[in-house]
Number of protein chains: 2
Amino acid sequence: MDPVEIKLITALEDRGLRKTAARSLVTSRIENANDAFTAEQLCRDLPEVGRATVYRTIRHLVDSGALCKLPILDGAPMYSVARVEHHHHTICSKCGAVGEFRHSTVERVMRSLEKEIDGDIVGHRMEIFITCNQCLAKSDTGANSAV
Amino acid sequence: MDPVEIKLITALEDRGLRKTAARSLVTSRIENANDAFTAEQLCRDLPEVGRATVYRTIRHLVDSGALCKLPILDGAPMYSVARVEHHHHTICSKCGAVGEFRHSTVERVMRSLEKEIDGDIVGHRMEIFITCNQCLAKSDTGANSAV
DNA sequence: TCAGTAGTTGATATCAAGTATCAATTACTG
DNA sequence: CAGTAATTGATACTTGATATCAACTACTGA
Ligand SMILES: [Zn+2]
Ligand SMILES: [Zn+2]
Ligand SMILES: [Zn+2]
Ligand SMILES: [Zn+2]
């Protein structure tokens, strides 16, 4: 079994949840996706698992920290496997590919903002929008070659 | 007329949109709110304006940059009047109050991340979650006084 | 001033994401 | 293996948001 899937299953077990066929299908599908996904995508990919169960399992994984839930302004949130503890995301504006990154300077700056901001800081979130290398490559070749 | 409302109306006019009674109701309501709001809140506050029109007007204002649209992980996005050009938001986790801030260090760090990140950076977003001063004050007094 | 036209409105229907219900099923315990 | 509590998933529902389109209204310029 893939280390990612083990991690997801462990996250469920650690919450005292039972190991069931439905949950295994969900975790192995997430592991195979190997990319960010929406809840509806999972439902479509797993017609043999009920929507309620898909949503419930995702919620468990998010609550346990094994999955990140990314807000998407126009549309359903996306989920991606959390590979390191605290991190932020890159999102390709063209294809939606999601990456993780972590940079100490960012965290240091956050701490320095405490003076500037009214109230107590309890957390933060950050997304960097990019055009990913695949999409850059695509627009360099093909696309405009008709002129 | 309030400068904020003038700004909103101008944003609509600049897009070649007509000045109508419905749109005036929406802009003056936003100006009076003086706080972040959801589309549904606006609809409730303006039963005399159709839902479609409320949503359409908000979209125009967001597209023109006069309003910020903030993703809220569990629920409808919130909107707040954009008071300065590029900025980020503080969100109180207790009461939902939204503030704006701008800090040059944050922007400088963003630029420095270009080396770390695969692909071209085209933008970023950042939210700082806080407990605002009002909520801090509330939990200091009242609340636990019963013991 | 007013008719023509193009933009606007809003009731209604529809869509999409997500949650609540609850009887039937299944995983664990001893 | 029986008993119990957790889990499932079909169904119905809720909420946020968009599509439709006939009626209406703001602008134009004759
Ligand atoms: Zn891409
Ligand atoms: Zn961080
Ligand atoms: Zn607050
Ligand atoms: Zn910034």
Side-chain angles (χ1 to χ4, degrees), chain A residues 8-30 33 36-64 66-80 96 98, chain B residues 8-30 33 36-64 66-80 96 98:
Chain A
L8 297 179
I9 288 173
T10 306
L12 295 178
E13 282 174 353
D14 287 355
R15 316 195 89 219
L17 300 172
R18 289 181 177 174
K19 206 179 139 191
T20 68
R23 286 180 181 146
S24 296
L25 284 169
V26 173
T27 54
S28 81
R29 184 69 195 72
I30 292 175
F37 58 91
T38 65
E40 291 299 321
Q41 271 165 30
L42 259 198
C43 289
R44 254 173 274 134
D45 292 352
L46 293 171
E48 65 269 40
V49 179
R51 306 170 44 70
T53 301
V54 169
Y55 275 91
R56 277 187 295 239
T57 307
I58 288 175
R59 205 186 318 160
H60 284 307
L61 291 171
V62 171
D63 290 351
S64 73
L67 275 189
C68 307
K69 183 174 182 178
L70 285 95
I72 301 295
L73 257 185
D74 306 288
M78 303 211 62
Y79 299 91
S80 79
V98 172
Chain B
L8 297 179
I9 288 172
T10 305
L12 295 177
E13 282 174 353
D14 287 355
R15 317 196 88 219
L17 301 172
R18 290 182 176 172
K19 207 180 138 192
T20 68
R23 287 180 181 145
S24 296
L25 284 169
V26 173
T27 54
S28 81
R29 184 69 195 75
I30 292 176
F37 57 91
T38 65
E40 290 299 321
Q41 272 165 29
L42 258 198
C43 289
R44 254 173 273 134
D45 291 351
L46 293 171
E48 66 270 40
V49 179
R51 305 171 46 71
T53 301
V54 168
Y55 274 90
R56 278 187 295 239
T57 307
I58 288 175
R59 206 188 316 162
H60 284 308
L61 292 171
V62 170
D63 289 350
S64 73
L67 275 189
C68 308
K69 183 174 180 178
L70 285 96
I72 301 295
L73 258 186
D74 306 288
M78 304 211 61
Y79 299 91
S80 78
V98 172

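Residue numbering restarts at 1 for every chain, and letters A, B, ... go by the order of the sequence lines.
Between A:L73 and B:P71 the shortest heavy-atom distance is CD2-N, 3.7 Å. Shortest non-hydrogen contact noted between A:R18 and A:R23 is O-NH1, 2.8 Å. Across A:V54 and A:L42, no two heavy atoms sit closer than the pair CG1-CB, 3.9 Å. Nearest approach of A:Y79 to A:A39, heavy atoms of both residues: CE1-N, 4.0 Å.
Listed nucleotides: D:dA17, D:dG9, D:dA19. Nearest to the side chain of B:A76: D:dA17. Checked against D:dA10, D:dC27, D:dT7, the side chain of A:L17 finds its nearest nucleotide in D:dT7. Closest to the B:A22 side chain, of the nucleotides C:dG18, D:dT18, C:dT9, is C:dT9. Of all nucleotides listed (C:dA27, D:dG16, C:dG10), C:dG10 comes nearest to the side chain of B:V49. For B:R18, whose side chain is taken as the heavy atoms from C-beta onward, the closest listed nucleotide among C:dT19, D:dG16, D:dC27 is D:dC27.
Across all strands shown, A:P77 has heavy atoms under 4.0 Å from sugar-phosphate atoms exclusively, and none from any base. Across all strands shown, B:A39 has heavy atoms under 4.0 Å from sugar-phosphate atoms exclusively, and none from any base.
Separating the CG atom of A:D74 from the P atom of C:dA16 is a distance of 16 Å, rounded to the nearest angstrom. Rounded to a whole Å, the CD1 atom of A:I58 is 17 Å from the P atom of D:dT7. D:dG9 atom C1' lies 16 Å from atom CG of A:L42, rounded to whole Å. Distance CD (A:Q41) to C1' (C:dA16): 14 Å, rounded to an integer number of Å. Atoms CD1 (A:I72) and P (D:dG16) sit 20 Å apart, rounded to a whole Å. Taking atom CE on B:M78 and atom P on D:dT15, their separation rounds to 17 Å, with Å as the unit. Distance A:K19 NZ to D:dT7 P: 14 Å, rounded to the nearest Å. Look at CZ on A:R44: it is 11 Å from C1' on C:dA17, rounded to the nearest Å.
A salt bridge links A:E40 with A:R51: the closest approach of a Lys/Arg side-chain nitrogen to an acidic carboxylate oxygen falls below 4.0 angstrom.
Of the side-chain N and O atoms in A:T20, none sit less than 4.0 angstrom from OP1 or OP2 of D:dA6. Between B:R23 and the phosphate of C:dT9, there is a side-chain N or O to OP1/OP2 separation shorter than 4.0 Å. A close approach under 4.0 Å does not occur between any side-chain nitrogen or oxygen of B:Y55 and OP1 or OP2 of D:dT18.
You'll find a donor-acceptor pair under 3.5 Å spanning the side chain of A:R56 and the base of D:dG9, going by distance alone. For B:R51 against D:dA17, a side-chain N or O and a base N or O form a donor-acceptor pair under 3.5 Å.
Position along DNA chain C of the nearest nucleotide to A:K69 versus B:E48 favours B:E48 as the more 5'-ward residue.
Rounding to the nearest 0.5 angstrom, the gap separating the OG1 atom in B:T20 from the CG atom in B:L25 is 8.5 Å.
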